[in-house]
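These values consider heavy atoms only, across backbone and side chains, with no hydrogens, waters or symmetry-generated copies.
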Amino acid sequence: MYTAKVKFETVVDAQKFVGICNDMKFKVELHSGPYVIDAKSIMGIFSLDFSKPIELCAHCDNGGDFADKIAPYLLQE
C-alpha cells in the first residue's frame with residue numbers, strides 16, 4: 001500500500017489527478033477526516049476541502065510510476 005499527502009491548488013489540478021487515478025488498475029482512495037472518497041470520482045473529490053492536505057491511499061505495492069505521475073500534487077513534508 002502506498003500512502004502520501006496531496007493538495008490541489010485548483011479545480012483543474014483535481015480534474016487532472018482524477019484522470020491519472022482512472023488510468024490505474026488499482027483502487028485509490030482519499031481520506032479527509034471521517035470521509036473516504038474514491039479518487040477516481042470527480043464528484044467525490046469536489047466534496048473535499050482543497051484548503052487542507054488530503055491523505056492518499058493507493059492499493060498497490062509501492063508508489064513507483066503512480067507516484068511519478070502524481071508528483072505535482074504530492075505535499076512535501
> Evaluate the side-chain contact (heavy atoms from CB on, under 4.5 Å) criterion for residues V6 and L74: first the C-alpha distance (whole Å), next the side-chain angles of each, then the deciding distance (0.1 Å), finally the verdict.
CA-CA 4 Å; V6 294; L74 293 176; 4.0 Å; yes
> Locate the shortest heavy-atom distance separating V18 from I42; write the atom from each residue and the value.
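Looking at all heavy atoms of both residues, the closest pair is CG2-CD1, 3.8 Å.
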> Would the number of heavy atoms belonging to other residues, nucleotides or ligands and lying under 6.0 Å from NZ of K16 be above 12?
no
> Heavy-atom distance under 4.5 Å between the side chains of T10 and D13, does that happen here?
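Result yes, sub-4.5 Å side-chain heavy-atom pair found.
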> Are there more than 12 heavy atoms of other residues, nucleotides or ligands under 6.0 Å from atom CG of D61?
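Result for CG/D61: open.
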> Heavy-atom count around K27 NZ within 6.0 Å, excluding the residue itself: above 12?
no
> Does any part of the side chain of S41, heavy atoms only, come nearer than 4.5 Å to the side chain of F46, both counted from C-beta?
no
> How are the rings of F17 and Y73 set relative to one another: parallel (under 30°), tilted (30 to 60°) or perpendicular (over 60°)?
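If you compare the ring of F17 with that of Y73, the planes turn out perpendicular.
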> Using only atom types and a distance under 3.5 Å, with no angle test, would you say the side chain of K52 pairs donor to acceptor with the backbone of S32?
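Side chain of K52 to backbone of S32, a donor-acceptor pair under 3.5 Å: no, none is there.
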> Answer whether the closest heavy-atom distance between the side chains of I54 and I37 falls below 4.5 Å.
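Contact flag for I54/I37 side chains = no.
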> What heavy-atom pair brings F50 and I45 nearest, and what distance separates the two atoms?
CE1-O, 3.4 Å
> Please assess Y35 against L30 for the test side-chain contact (heavy atoms from CB on, under 4.5 Å), listing each intermediate value before the final yes or no.
CA-CA 8 Å; Y35 304 106; L30 296 174; over 6 Å; no
> Report the residue from C57, C21, C60 that forms a side-chain contact (heavy atoms from CB on, under 4.5 Å) with V28.
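For V28, the side-chain contact (heavy atoms from CB on, under 4.5 Å) check succeeds only for C21.
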